[in-house]
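Each remark here refers to the structure printed beneath this line.
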Amino acid sequence: MGECPHLRSKAKDVTPLIKDILEEVAKETVQQWQYRLKNLAPELIEELNVKKEPDKGLKALDVEEGKQVVMRFAPNPNGPPTLGSTRGIVVNSEYVKKYGGKFIIRFDDTDPQTKRPMLEAYEWYVDDCKWLGANPDDVVIASDRIPLYYEYARKLIEMGHAYVCFCDGEEFKKLKDVKQACPHRDVTPEDNMEHWEKMIAGDYEERSAVLRIKTDISHKDPALRDYGAFRIVRSSHPRPEIGSRYCVWPLLDFEGAIEDHELGMTHIIRGKDLMDSEKRQGYIYKYFGWEYPKTTHWGRVKMHEFGKFSTSGLRKAIEEGEYSGWDDPRLPTLRALRRRGIQPEAIRKFMIDMGVGETDISISMDTLYAENRKIVDPIANRYFFVWDPVELKITGTKKCVTTPALHPTEDRGRREIEVTDAVQICKEDAEKLHSGSKIRFKDLYNVEVTSLEPLQAQYLDNSIDSLKKEKMRIIHWAPVDGVVVKVLSPDGEYTGIAEKQIKNELNRIIQFERFGFCRIDTIDDNMVVAYYTHK
RNA sequence: GCUCCGAUAGUGUAGUCCGGCCAAUCAUUCCGGCCUUUCGAGCCGAAGACUCGGGUUCGAAUCCCGAUCGGAGCACCA
């Protein structure tokens with residue numbers, strides 16, 4: 001019926017027929033259905049077993065034939081990249097990978113005052129992009145290109161599309177709210193040019209003048225009425241090569257508008273908080289006769305595990321020693337996740353599966369951890385780590401060596417642990433014991449607890465049968481001559497004893513059984529430091 | 001106050017443009033089971049959703065109107 005419109009008018013006649021047939025079919029069993037289907041249309045049986053594959057990955061981009069895609073990630077480097085910035089890196093670079101083209105990282109560092117850039121962060125962004133497999137084809141720094149912006153500003157002034165406004169901020173807002181032009185709007189281009197040259201020469205005080213783009217002062221959306229393009233900022237820029245060279249800085253909508261055109265951007269994906277930017281910048285594009293890139297927007301992403309945090313707030317907390325640094329495992333920075341052993345592929349998959357929706361979302365780290373676990377589980381060697389250790393003496397056996405596999409399913413060899421007459425076990429396991437408890441030390445043997453003070457057990461046997469028969473609990477343990485380990489995790493620190501062999505695992509992800517995955521971060525003579533990845 | 005978006009299981013997401021193949025996808029979480037040895041990994045299984053109300057239509061998650069809820073912009077921040 002979908003294909004033959006002329007039959008649609010008969011739809012009402014068909015309904016009772018279908019009802020009768022369905023009633024008849026309902027009387028039969030599933031087996032009868034299958035039998036009949038096999039005779040009628042065997043190919044449909046196959047179809048029943050085929051699982052529907054959802055569209056994986058990102059939605060198709062509207063790409064013009066024969067045109068190469070150019071996309072960008074445009075952060076203000078006023079702090080290190082976080083999980084939030086990562087969406088921009090991954091999604092934009094993924095599209096470029098998919099369609100072929102250029103991925104540009106552009107530093108929108110044109111505010112030396114309120115959102116003052118951080119010198120180290122420029123490197124961090126580039127570095128983290130590379131780590132994420134989003135190698136930029138080009139790196140552009142806005143603060144290097146101020147003269148370019150000045151040139152375009154002059155052109156707009158000449159054309160009568162921009163004016164230097166000397167209104168006080170509040171004053172202007174009042175006029176704007178009632179769709180009234182301010183007295184400076186109708187000044188001649190010549191006079192405006194003179195004001196502008198004075199402005200960039202440093203003749204005016206901060207906040208005394210601003211260059212505005214003429215839009216439509218009576219536009220129904222107040223956000224679009226004559227917006228600011230340049231303002232005066234006397235603070236010096238943190239980049240030494242820029243320093244105090246300029247006292248007039250462009251605002252985002254102007255700088256972004258010019259750069260997106262200059263760099264030949266074909267598509268822009270950004271937060272929906274910047275939806276108005278397109279409309280505002282549209283005026284500039286119209287004045288110059290440029291074509292606006294195609295835009296897509298996404299909503300806010302919040303991680304359940306991380307509350308609101310501002311870069312400036314974090315910076316302060318780090319300076320005060322509340323956090324160990326920008327890679328403190330409690331932080332959602334890429335540097336921290338990396339140190340914890342989160343793999344770039346997991347982050348990419350996480351971001352790509354999340355897609356590009358305009359809904360504001362709140363997602364759990366568990367989803368990212370699950371992706372990471374799939375990557376890390378097959379490559380992580382297994383070891384014993386006993387946190388809050390207590391010693392347990394064993395009687396009735398002599399020194400022995402056990403050789404558990406490094407991995408339960410992958411064949412990667414074995415480790416060796418020598419056990420004499422005692423082991424370390426977790427305090428929380430010890431507390432569940434009572435005299436007479438029969439337990440299994442994983443990959444070692446079965447014992448029966450004979451005393452709690454001091455903690456002591458008697459060797460029973462090494463049989464799996466008795467383990468099953470007695471339904472013994474299986475706990476892990478560590479040799480008494482193990483290595484001291486400190487694990488730094490988002491929830492705090494754990495200290496304990498682990499097998500010595502983890503000293504061979506520097507920078508690798510391992511799994512501490514019954515604890516979780518960790519990345520071995522540093523090793524010295526008497527201590528190993530590990531970063532907790534996830535369980 | 002003005003303006004602009006959005007709404008599918010606990011959480012994300014596919015499907016919405018172009019109404020029928022949707023008895024609505026996949027993942028995660030949770031629950032249950034399995035494992036000659038991880039209570040935390042792995043494997044298997046199950047549960048769970050179209051915000052609400054009208055309208056159009058033979059037929060609506062899909063189109064239209066309204067309501068509700070949520071978000072954003074109206075900066076000399078990005």
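Computed from heavy atoms alone, side chains included, the values below leave out hydrogens, waters and symmetry copies. Chain letters run A, B, ... following the sequence lines, proteins first and then strands; every chain starts at 1. This one's a predicted model, so the numbers in the text were calculated from it and none came from an experiment.
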**Prompt:** Parallel under 30°, tilted from 30 to 60°, perpendicular over 60°: which one fits the rings of F515(A) and W387(A)?
**Reply:** tilted
[N] and [M]: how far apart are their [atom1] atoms, nearest whole angstrom?
{"N": "C31(B)", "M": "U8(B)", "atom1": "C1'", "result": "23 Å"}
{"N": "C43(B)", "M": "C63(B)", "atom1": "P", "result": "39 Å"}
{"N": "U62(B)", "M": "G73(B)", "atom1": "P", "result": "30 Å"}
{"N": "G71(B)", "M": "C76(B)", "atom1": "P", "result": "25 Å"}
{"N": "G6(B)", "M": "U13(B)", "atom1": "C1'", "result": "16 Å"}
{"N": "G54(B)", "M": "A61(B)", "atom1": "P", "result": "14 Å"}
{"N": "C44(B)", "M": "C5(B)", "atom1": "P", "result": "45 Å"}
{"N": "A49(B)", "M": "U11(B)", "atom1": "P", "result": "12 Å"}

Between [X] and [Y], is there a side-chain N and carboxylate O pair less than 4.0 Å apart?
{"X": "D273(A)", "Y": "R300(A)", "result": "no"}
{"X": "D353(A)", "Y": "K349(A)", "result": "yes"}
{"X": "E259(A)", "Y": "R106(A)", "result": "no"}
{"X": "R231(A)", "Y": "D111(A)", "result": "yes"}

Whole angstrom value for the distance that separates [atom2] of [N] from [atom1] of [X]:
{"X": "L83(A)", "N": "G12(B)", "atom1": "CG", "atom2": "P", "answer": "15 Å"}
{"X": "L224(A)", "N": "A72(B)", "atom1": "CG", "atom2": "P", "answer": "18 Å"}
{"X": "R414(A)", "N": "U37(B)", "atom1": "CZ", "atom2": "P", "answer": "11 Å"}
{"X": "M118(A)", "N": "C77(B)", "atom1": "CE", "atom2": "P", "answer": "21 Å"}
{"X": "R234(A)", "N": "C76(B)", "atom1": "CZ", "atom2": "C1'", "answer": "13 Å"}
{"X": "E259(A)", "N": "A78(B)", "atom1": "CD", "atom2": "P", "answer": "14 Å"}
{"X": "E358(A)", "N": "G6(B)", "atom1": "CD", "atom2": "P", "answer": "5 Å"}
{"X": "W477(A)", "N": "U38(B)", "atom1": "CH2", "atom2": "P", "answer": "15 Å"}

**Complete:** From the list D253(A), D216(A), D221(A), salt bridge (Lys or Arg N to Asp or Glu O under 4.0 Å) partner of R280(A) resolves to D253(A)
**Item:** Among K179(A), R185(A), K173(A), salt bridge (Lys or Arg N to Asp or Glu O under 4.0 Å) partner for D226(A)
**Value:** R185(A)
Just N and O in the side chain of [X]: are any of them under 4.0 Å from OP1 or OP2 of [N]?
{"X": "K176(A)", "N": "A75(B)", "result": "yes"}
{"X": "R212(A)", "N": "C76(B)", "result": "yes"}
{"X": "T110(A)", "N": "A78(B)", "result": "yes"}
{"X": "K272(A)", "N": "G71(B)", "result": "no"}

Show me the protein contacts with nucleotides 28-34 of chain B, counting only N or O atoms at under 3.5 Å.
{"unit_1": "U28(B)", "atom_1": "OP1", "unit_2": "K374(A)", "atom_2": "NZ", "d": "3.4"}

Please write out each protein N/O paired with an N/O of nucleotides 62-65 of chain B under 3.5 Å, distance rounded to 0.1 Å.
none

What is the pairing partner of [N], taking Watson-Crick or G-U wobble pairs with both distances under 3.5 Å in any strand?
{"N": "A75(B)", "result": "none"}
{"N": "C26(B)", "result": "G12(B)"}
{"N": "C58(B)", "result": "G20(B)"}
{"N": "U36(B)", "result": "none"}
{"N": "G6(B)", "result": "C69(B)"}

Choose from [options] the nucleotide whose nearest atom is closest to any side-chain atom of [X].
{"X": "L251(A)", "options": "G6(B), U37(B), C77(B)", "result": "C77(B)"}
{"X": "R231(A)", "options": "C4(B), C76(B), U37(B)", "result": "C76(B)"}
{"X": "M275(A)", "options": "C5(B), U36(B), C76(B)", "result": "C5(B)"}
{"X": "W387(A)", "options": "C4(B), U38(B), G40(B)", "result": "G40(B)"}
{"X": "T359(A)", "options": "A7(B), C74(B), A78(B)", "result": "A7(B)"}
{"X": "L274(A)", "options": "G12(B), A78(B), C77(B)", "result": "A78(B)"}

Using the benzene-type ring in the case of Trp, are the ring centres of [X] and [Y] under 6.0 Å apart?
{"X": "F385(A)", "Y": "Y494(A)", "result": "no"}
{"X": "W249(A)", "Y": "Y149(A)", "result": "no"}
{"X": "H184(A)", "Y": "Y163(A)", "result": "no"}
{"X": "F166(A)", "Y": "H195(A)", "result": "yes"}

**Donor-acceptor pair, side chain of T533(A) and main chain of R340(A), under 3.5 angstrom** = yes
Tell me what [X] touches on the nucleic acid: a base, only sugar-phosphate, or nothing, going by heavy atoms under 4.0 Å.
{"X": "I363(A)", "result": "sugar-phosphate"}
{"X": "D429(A)", "result": "base"}
{"X": "K220(A)", "result": "sugar-phosphate"}
{"X": "S362(A)", "result": "sugar-phosphate"}
{"X": "D360(A)", "result": "sugar-phosphate"}
{"X": "C426(A)", "result": "nothing"}
{"X": "Q511(A)", "result": "base"}
{"X": "K179(A)", "result": "nothing"}
{"X": "D443(A)", "result": "base"}

**Request:** Tell me which of R382(A) and M354(A) sits closer to the 5' end of RNA chain B, going by the nucleotide each one is nearest to.
**Result:** M354(A)
**Fill in**
Between D221(A) and I361(A), whichever has its closest RNA chain B nucleotide further toward 5' is D221(A)
**Prompt:** Does the cation-pi check pass for R239(A) over F107(A), that is, NZ or CZ under 6.0 Å from the six-membered ring centre and within 45° of its axis?
**Reply:** no
**Message:** Just by distance, no angles: are the side chains of T110(A) and E255(A) close enough, under 3.5 Å, to form a donor-acceptor pair?
**Reply:** no
